[in-house]
Amino acid sequence: MQAVVKYARQEGAVELREIPEPSITPDQVLIQVKAVGVCGSDIHMWRENQSWPIKLPLVLGHEFCGVVAQVGARVNGFRVGERVACETAAEICGECVYCRSGNYNLCPKRRGFGALLDGAMTQYVAVRPHILHRLPANVSFEYAALTEPICVAYNALVEKTLIKPGDIVVIQGVGAIGMMALQMAKLRGASIIVALGTDLDARRLEIARQLGATHTLNVQREDACALVQSLGDGFGADVVVDCTGVSAAFKQSMALVRPNGTITKIGWGPQPFDASLDPIVAKAVTVQGTFSHTYATWERVLRLIANEQIHLAPIIGGVYPLAEWREAFARMEDGTNVKSVIAI
C-alpha cells in the first residue's frame, strides 16, 4: 500500500512509498483510512524543523478517521464497517499515575501516531480499540478528520482555561488550532475575540472574522498591544492563547495579557526564548501549557461537530488524493488553506 513517508532527518525528505499492509494482534482493530487532516506538525517534519522526537522511516499523519476493516479476536464492541475516528495516543503504558487517573495524554511512555509510530497517511492502520470513537451519522469523513485539532483546542480553552462571558480573548495564530481555539472562546462566551496573524495570513484572517473574531490584526503591519489596550478597560486581555509556537509570540503574550490574566500556550517551537519573564511576576499572570486530549474530550467534540456548533467548511481549503500530498502540504504552508485534508 502507498504511504507518505519521512525517510531522513533533512529538509524535504518525504516521499510516497510502498509499504506492507499492517497485521493486527488479537487486541487490535484494523482501520481502513478514509481521511487524514494535514497538521502543521506534518509540514514541520517535511521541512525538518520539528522540535519533538520522531522515528525513521515514519509514515506521517495523526488526524484521521475511517472504517473498521478487521476486528481482533479479543476485541469487543466494534464490528466491521463501522465509521470511526481515532485518537493520537497509539501506545501508553497503562500503569503510571497519569494513565490510572485518566490523564493518559501525559503518560511518559506515550507514543503517538505520526511521530514515534507510523501514522495514517496510508490505507490501513492497526489501532487499539480504546481510542476509537464512532462517528455520528451526519459527520462526514472530511469533517471527522478535523476532530483531533478541535480536541486540542477544547482541552486548552474548556478543560484547562477559565473563560467567562464578557472576557477579552486574544488568539495568536490563525492556523487550524487557532481557528478552533477562536470558536471555543466564542462558545465559552467571550465578548471580544482578537485574532492575530502575519503577512501570510490575509485569507486566514478573513476566515477568522467569518468564524466570530471581533477584531483581526496583522502583527507585521499593526500594533497588537495598542489594539488590545483600546478594548474594554484598557488593561489588556483576560486570556491570551498562543497557537503559534514562536518564541516572539510568547513575549508578545506577556505584553497583551492583563494583570491576573492567563496565558495558555498550545503551540510548539524549537526557538530559544531570549526575553525576561518579569512581566509574568509583575502582573501575577497564570501561564500554562496544554497537551493533546483524552477520551471524554473526543466524545464531546464529536457532539459539537454533529450539532454544527463548530464550523468547519471555511477551514477546509481543499481535499486531495494521497498522490497529491505535496500540494496539500504546500497550500497550507503558503497560507492558501487553513487546513488541507487528504482523502484515501
Asker: For Ala328 and Val38, work out which heavy atoms get closest and say how close.
Answerer: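 Between these two residues, the closest heavy atoms are CB-CG2, 4.3 Å.
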
Asker: If we count only N and O atoms by modelled type, under 3.5 Å, do the side chains of Thr122 and Gln2 hold a donor and an acceptor together?
Answerer: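 Gln2 and Thr122 do not have a side-chain donor-acceptor pair below 3.5 Å.
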
Asker: Classify the side-chain pair Gln288/Thr264 by whether it contains a donor and acceptor separated by less than 3.5 Å.
Answerer: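 Yes.
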
Asker: Answer yes or no: is there an ion pair linking Arg110 with Glu91, defined by an N-O contact shorter than 4.0 Å?
Answerer: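 Not counted as a salt bridge, because no side-chain N and carboxylate O are separated by less than 4.0 Å.
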
Asker: Sequence neighbours left out, what pairs pass salt bridge (charged side-chain N to carboxylate O under 4.0 Å, His left out) with at least one residue falling in residues 80-90?
Answerer: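 Checked against salt bridge (charged side-chain N to carboxylate O under 4.0 Å, His left out) - neighbours excluded - the pairs reaching residues 80-90 are Arg79-Glu82, Glu82-Arg134.
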
Asker: Answer with yes or no after comparing the ring centroid distance for His133 and Tyr295 against a 6.0 Å cut-off, counting only values under it.
Answerer: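 So the answer is yes for these two rings.
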
Asker: Regarding Glu63 and Thr147, do their side chains bring together a donor and an acceptor under 3.5 Å, going by distance alone?
Answerer: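 No, no side-chain donor-acceptor pair sits under 3.5 Å.
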
Asker: Report yes if the distance between the aromatic ring centroids of Tyr104 and Tyr98 is under 6.0 Å, otherwise no.
Answerer: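 They do not qualify: ring centres at least 6.0 Å apart.
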
Asker: Just how far is it from atom CG of Leu187 to atom CG of Leu182, taken to the nearest 0.5 Å?
Answerer: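 It is 10.0 Å, given to the nearest 0.5 Å.
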
Asker: Any idea which heavy atoms bring Gly245 and Gln271 closest together, and the distance?
Answerer: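 Looking at all heavy atoms of both residues, the shortest contact is O-OE1, 3.2 Å.
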
Asker: Indicate whether any N or O donor in one side chain lies under 3.5 Å from an N or O acceptor in the other, for His293 and Asn155.
Answerer: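 Short answer, no.
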
Asker: Asp199 and Asn218: side-chain donor and acceptor closer than 3.5 Å?
Answerer: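 Present: a donor and an acceptor within the cut-off.
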
Asker: With no hydrogens and no angle check, just 3.5 Å: does a side-chain donor-acceptor pair link Thr286 and Thr262?
Answerer: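 Judged by distance alone, the side chains do not pair up.
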
Asker: Regarding Asp238 and Arg258, does a basic nitrogen lie under 4.0 Å from an acidic carboxylate oxygen?
Answerer: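 Salt bridge between Asp238 and Arg258, a charged N being under 4.0 Å from a carboxylate O: yes.
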
Asker: Flag the pair Lys55 and Asp118 as a salt bridge only when some basic side-chain nitrogen lies within less than 4.0 angstrom of an acidic carboxylate oxygen.
Answerer: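 Salt bridge flag = yes for Asp118 with Lys55.
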
Asker: Could you go through Glu333 and Arg47, starting from their C-alpha distance and side-chain angles, then the distance that decides it, and tell me whether this counts as salt bridge (Lys or Arg N to Asp or Glu O under 4.0 Å)?
Answerer: CA-CA 10 Å; Glu333 185 180 45; Arg47 294 306 187 193; 2.8 Å; yes

Asker: Between Glu48 and Lys6, is the closest basic N to carboxylate O distance under 4.0 Å?
Answerer: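 Yes, Lys6 and Glu48 are salt-bridged.
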
Asker: Give the minimum heavy-atom separation between Trp52 and Met45, together with the two atoms involved.
Answerer: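 Looking at all heavy atoms of both residues, the shortest contact is NE1-SD, 3.9 Å.
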
